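Atoms within each ligand, like the ligands themselves, are counted from 1 in listed order. Here the structure is a predicted model, which is why all the values come from computation and not from measurement. Heads up: numbering here begins at 1 and tracks the sequence.
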Amino acid sequence: MKKLQLTSSHWGTYRVETLGGKITNLLDFEEDSDPSPIGKGMLDTQEDSCRISSPMVRKSWLDKGFKSDRALRGKDPFIKIDWDEASELVSNELSRIKNFYGNQAIYGGSYGWASAGRFHHAQSQLHRFLNCIGGYTSSKHTYSFAAAEAIVPHILGSFRDFLDTCTSWSSIRRDTKLFVCFGGIPLKNGQISQGGTGNHYQKSNLNKSINEGIEFVNISPIRSDLSDHSSVQWISIRPNTDTALMLALAHTLYSEDLYDKKFIKKYTTGFDNFLPYLLGKNDGIVKSAQWASQITDIDAQSIIFLARKMSENRTMISLSWSLTRQDHGEQPIWAGIMLACMLGQIGLSGGGFGFGYSATNYIGGDFTVLPCQSLPQGENSVKSFIPVARISEMLLKPNKEFHFNGKKYHYPEIKLMYWAGGNPFHHHQDLNRLLKGWERLDTIISHEWCWNSLAKYSDIVLPCTTPLEREDIGMTPRDPYVISMAKAKEPFENSLNDFEIFTKIAEKLGLKSKFTGNRSELEWQKWLYKQTKENAGSAGIKIPSYEVFRSKKWFKLPSPKKGTIMLESFREDPEKNSLQTPSGKIEIFSSTVANFCYEDCPGHPTWMEPVEWLGGEIKSFPLHLISNQPKTKLHSQLDHGSHSRAHKINGREPVKINPTDARKRGIKNGEIVRLFNTRGSCLAGAIIDKNIRTGVVQISTGAWYDRSRKTGEETMCVHGNPNVLTIDKGTSNLGQGPSAHSCLIEIERYQNSPEELKAFSPPEII
Ligand SMILES: Nc1nc2c(c(=O)[nH]1)N[C@H]1C(S)=C(S)[C@@H](COP(=O)(O)OP(=O)(O)OC[C@H]3O[C@@H](n4cnc5c(=O)[nH]c(N)nc54)[C@H](O)[C@@H]3O)O[C@H]1N2
Ligand SMILES: Nc1nc2c(c(=O)[nH]1)N[C@H]1C(S)=C(S)[C@@H](COP(=O)(O)OP(=O)(O)OC[C@H]3O[C@@H](n4cnc5c(=O)[nH]c(N)nc54)[C@H](O)[C@@H]3O)O[C@H]1N2
Ligand SMILES: [Mo]
């Protein structure tokens with residue numbers, strides 16, 4: 001008998017068709033008006049050759065333990081062992097590290113997106129487990145927008161509060177006249193919503209907004225970052241120069257007396273400290289349209305016209321998250337908020353600014369926020385942490401002092417890394433540098449379900465299940481749908497859920513009941529739901545009983561009566577609803593930040609040259625590389641699925657290049673090319689695209705890292721992972737976020753015959 005069950009993922013909800021315990025199809029969820037094809041990749045990867053069948057240990061580690069030959073990581077064969085031996089090895093190694101070095105020598109940050117599902121959230125499980133054994137060195141902030149997480153609290157009092165309360169599409173469609181999008185609104189990204197979604201609405205909201213006559217301006221080096229509708233204006237900006245453009249827009253508003261003085265006075269502080277900089281009183285540089293034109297490569301008249309138009313219309317400013325993932329990524333966010341302050345429309349329907357209409361489905365959604373309970377993680381007794389993207393720095397420079405958000409800290413010395421639910425070979429910059437740091441580690445343990453680069457570069461690999469192999473609850477505060485996730489099939493071979501794996505290891509350590517809390521998986525899920533129901537009740541939200549939820553399989557929370565307008569209550573009464581900043585107002589100048597005395601993050605929005613950009617001195621690498629989010633997958637997840645693979649060129653990740661740049665280099669469409677700079681190189685398949693700015697090339701993130709096996713070519717990835725090229729530099733001493741989008745490279749036709757791809761082949765297994 002065919003069965004149709006439900007599952008939830010970061011790319012949406014699906015009906016899973018099974019027959020005799022096997023998954024036969026994945027169908028769109030009937031509530032989803034715009035389902036994502038990314039899900040199709042789940043079908044063909046459940047039982048393919050990339051699945052990890054049993055616990056595995058790298059040969060040299062099994063022979064010599066922590067004294068293994070570390071240079072053999074990624075080359076050594078693996079040896080299959082059973083769960084008893086595996087949990088014994090892991091528990092002994094954790095005890096050894098704990099006793100010799102203390103718990104801070106265990107890095108458990110394990111940044112990453114893992115899978116949807118409230119209980120089987122891999123990091124929550126890992127963190128709970130590591131807290132049970134005495135704690136771990138943790139990480140702060142995200143790769144998505146670390147610079148904003150650090151700076152925005154100084155400007156608005158909080159970042160997360162405003163991220164989750166961006167003005168809703170209903171308000172935009174009613175009142176916005178002009179939508180100025182820094183970083184565009186690329187529909188590829190709206191396929192994703194962290195924690196799952198029942199209905200994708202970004203595309204319909206964007207298209208309706210355009211069709212109903214809202215004027216859109218796409219400020220991006222890539223035209224396809226916004227709809228190709230004829231009414232959309234493309235301002236092709238030189239990458240990493242948005243701050244200069246914003247300053248020039250502000251300068252035009254000021255010099256033409258088009259800014260809202262009342263708003264500035266009533267709702268902001270520090271404009272007077274910022275003004276001398278804008279007018280060039282101290283540095284002799286007026287931040288005029290002419291000045292910015294040189295930096296941004298946008299003609300001055302267009303900047304002036306745009307400023308006028310913004311002041312004449314109800315204007316929404318969208319600040320993409322990508323703006324933060326570049327050198328000085330704090331600045332475009334601060335400058336964007338400052339610009340919105342000068343327009344004086346913050347808190348009005350359809351006006352002001354928002355974070356990341358470009359980024360995920362949920363931004364701009366009208367939904368009731370469900371106060372979802374997460375798995376209690378206990379207390380971490382270790383205080384040491386790193387800003388998440390400083391991982392290689394930590395490994396390579398133990399005990400070194402670093403700055404972060406006004407304080408000084410020291411990097412701990414790490415001996416063991418434990419990964420569950422994140423992939424550093426996907427997310428980190430300058431992978432060749434990461435590999436050097438990797439060699440400093442005694443031991444690397446990971447839970448993975450597929451032989452991706454993280455698994456291949458680990459010492460002990462513990463095979464986990466996929467969401468289709470376990471029951472769970474798909475719920476997040478950012479989506480109105482709550483989904484009962486079914487166990488559609490039995491776990492692949494010897495895979496176990498992360499919870500079961502940690503239970504086994506905890507048992508070896510005599511900590512089983514501490515870790516499990518004496519609850520089974522299903523008892524935990526019931527508890528999470530009941531807690532959520534209780535929290536919801538206190539917030540005046542009614543949800544069905546656990547039993548009714550499980551039998552009905554899903555429900556949708558009613559939409560709130562009123563759409564969201566960011567900072568509406570602050571605008572209504574800035575005294576009663578003051579912000580959590582020192583002044584209670586929006587800080588255009590922050591004396592807190594100024595007092596940190598960071599040269600790379602002064603007290604007000606400031607243009608500073610990025611470390612690598614097209615306006616700089618470096619001439620050997622003349623192309624700016626944008627490595628943005630992939631259309632056909634989520635990060636590295638499902639790169640091995642048919643949907644992602646169908647878009648590769650001779651198996652390599654596509655790189656888009658402008659016809660002029662291609663011609664100069666004799667590159668033809670569909671050819672294999674080599675991208676390189678001093679940090680490394682990768683192969684890719686060329687796509688010639690006039691919608692990319694001259695001097696800019698684009699390659700999506702996500703190709704599974706596949707190091708060349710040729711002597712002398714070790715810094716090359718033969719598949720197309722751009723992170724062999726990107727720079728490993730903190731955005732500033734304040735944010736220390738990743739600067740992936742600041743990267744110069746060169747491209748050439750690849751004359752040799754490209755090496756065989758091993759990205760999707762498992763390692764040798766004994
Ligand atoms: N060059 C460049 N680099 C970037 C970016 C960029 O713009 N440019 N963007 C950055 C951003 S914004 C982000 S968020 C990061 C994303 O980086 P990550 O979140 O680390 O990337 P994912 O591929 O989603 O990694 C999730 C991992 O969890 C595993 N996994 C899934 N489900 C489970 C589970 O149930 N249990 C366990 N144990 N594991 C599971 C998957 O197999 C996968 O390996 O990348 C960053 N890196
Ligand atoms: N399909 C899919 N969607 C995703 C993800 C995924 O992996 N796949 N990942 C999700 C995650 S984790 C995140 S954090 C969000 C990220 O959301 P974003 O950060 O908004 O996404 P990106 O695609 O990296 O960047 C958006 C656009 O910014 C442009 N851009 C790059 N540099 C500059 C610049 O200097 N100036 C200007 N003006 N524009 C620039 C690029 O052309 C790019 O297409 O996306 C989410 N959505
Ligand atoms: Mo992200």
Side-chain angles (χ1 to χ4, degrees), residues 10-11 36 38 110-117 120-123 125-126 142-146 181-194 218-225 235 237-242 245 318-326 329 332 355-361 363 389 419-429 446-450 452-455 462-467 470 497-498 501 610 613 624-639 692-693 696 698-702 704 721-723 725-726 738 740-743:
H10 299 306
W11 40 90
S36 163
I38 291 179
S110 188
Y111 177 82
W113 270 55
S115 288
H120 290 290
H121 181 245
Q123 281 90 6
Q125 296 286 349
L126 171 64
T142 63
Y143 275 78
S144 306
F145 36 50
C181 310
F182 292 90
I185 303 186
L187 288 176
K188 64 180 175 67
N189 289 354
Q191 297 176 90
I192 300 300
S193 227
Q194 191 164 27
N218 173 27
I219 300 173
S220 168
I222 303 180
R223 183 196 286 269
S224 46
D225 275 342
I235 296 187
I237 190 170
R238 182 180 279 154
N240 289 199
T241 64
D242 300 74
L245 173 59
S318 173
L319 304 169
S320 73
W321 299 351
S322 60
L323 300 179
T324 69
R325 296 197 301 282
Q326 52 180 260
F355 300 115
Y357 292 98
S358 62
T360 64
N361 186 55
I363 303 286
W419 290 94
N423 181 359
F425 288 88
H426 168 78
H427 62 237
H428 196 57
Q429 284 57 66
S446 65
H447 296 188
E448 266 296 350
W449 62 279
C450 49
N452 58 15
S453 10
L454 170 65
L462 305 177
C464 66
T465 53
T466 69
R470 58 202 187 206
N497 301 332
D498 292 294
I501 302 175
W613 70 303
H624 192 115
L625 176 75
I626 293 203
S627 49
N628 53 356
Q629 308 295 336
K631 185 177 181 180
T632 57
K633 56 204 165 217
L634 172 69
H635 315 135
S636 71
Q637 299 196 48
L638 301 180
D639 188 36
I692 300 258
R693 196 188 143 83
V696 175
Q698 179 272 338
I699 185 167
S700 300
T701 58
W704 286 9
N721 185 323
N723 276 328
L725 301 160
T726 51
H741 283 307
S742 302
C743 173

Asker: Does the ring centre of Trp113 sit less than 6.0 Å away from the ring centre of His635?
Answerer: yes
Asker: Quick check: Ser320 and ligand 2, any N/O pair under 3.5 Å apart?
Answerer: no
Asker: Are side-chain heavy atoms of Trp419 and Gln123 found at a separation under 4.5 Å?
Answerer: no
Asker: Starting from atom 36 (N) of ligand 2, find the nearest protein heavy-atom neighbour and note its residue, name and distance.
Answerer: Asp242 OD1, 2.7 Å
Asker: Is there a polar contact, in the sense of an N or O pair closer than 3.5 Å, between Asp225 and ligand 2?
Answerer: yes
Asker: Below 3.5 angstrom, do we get any N/O pair linking Gln637 and ligand 1?
Answerer: yes
Asker: Tell me, please: is His121 in heavy-atom contact with ligand 1, that is, under 4.0 Å?
Answerer: no
Asker: Any atom of ligand 1 sitting under 4.0 Å from a heavy atom of Gln194?
Answerer: no
Asker: Could an N or O of ligand 2 be found under 3.5 Å from any N or O of Ser144, whether backbone or side chain?
Answerer: no
Asker: Report the distance from atom CZ of Arg693 to atom CD of Gln698, rounding to the nearest 0.5 Å.
Answerer: 15.5 Å
Asker: Would you say the side-chain atoms of Tyr111 and His428 include a donor-acceptor pair closer than 3.5 Å?
Answerer: no
Asker: Are any of the N/O atoms on Leu323, whether in the backbone or the side chain, positioned under 3.5 angstrom from an N/O atom of ligand 2?
Answerer: no
Asker: Please say whether Pro630 places an N or O atom under 3.5 Å from an N or O atom belonging to ligand 2.
Answerer: yes
Asker: Touching ligand 1 at all, Leu454? Heavy atoms, strictly under 4.0 Å?
Answerer: no
Asker: Can you find a heavy atom in the side chain of Cys181 that is under 4.5 Å from one in the side chain of Ser320?
Answerer: no
Asker: Numbering the atoms of ligand 1 from 1, which are under 4.0 Å from a heavy atom of Gln429?
Answerer: 1 (N), 2 (C), 3 (N), 4 (C), 47 (N)
Asker: Determine whether the side chain, the backbone, both or neither of Ser115 has a heavy atom under 4.0 Å from any heavy atom of ligand 1.
Answerer: both
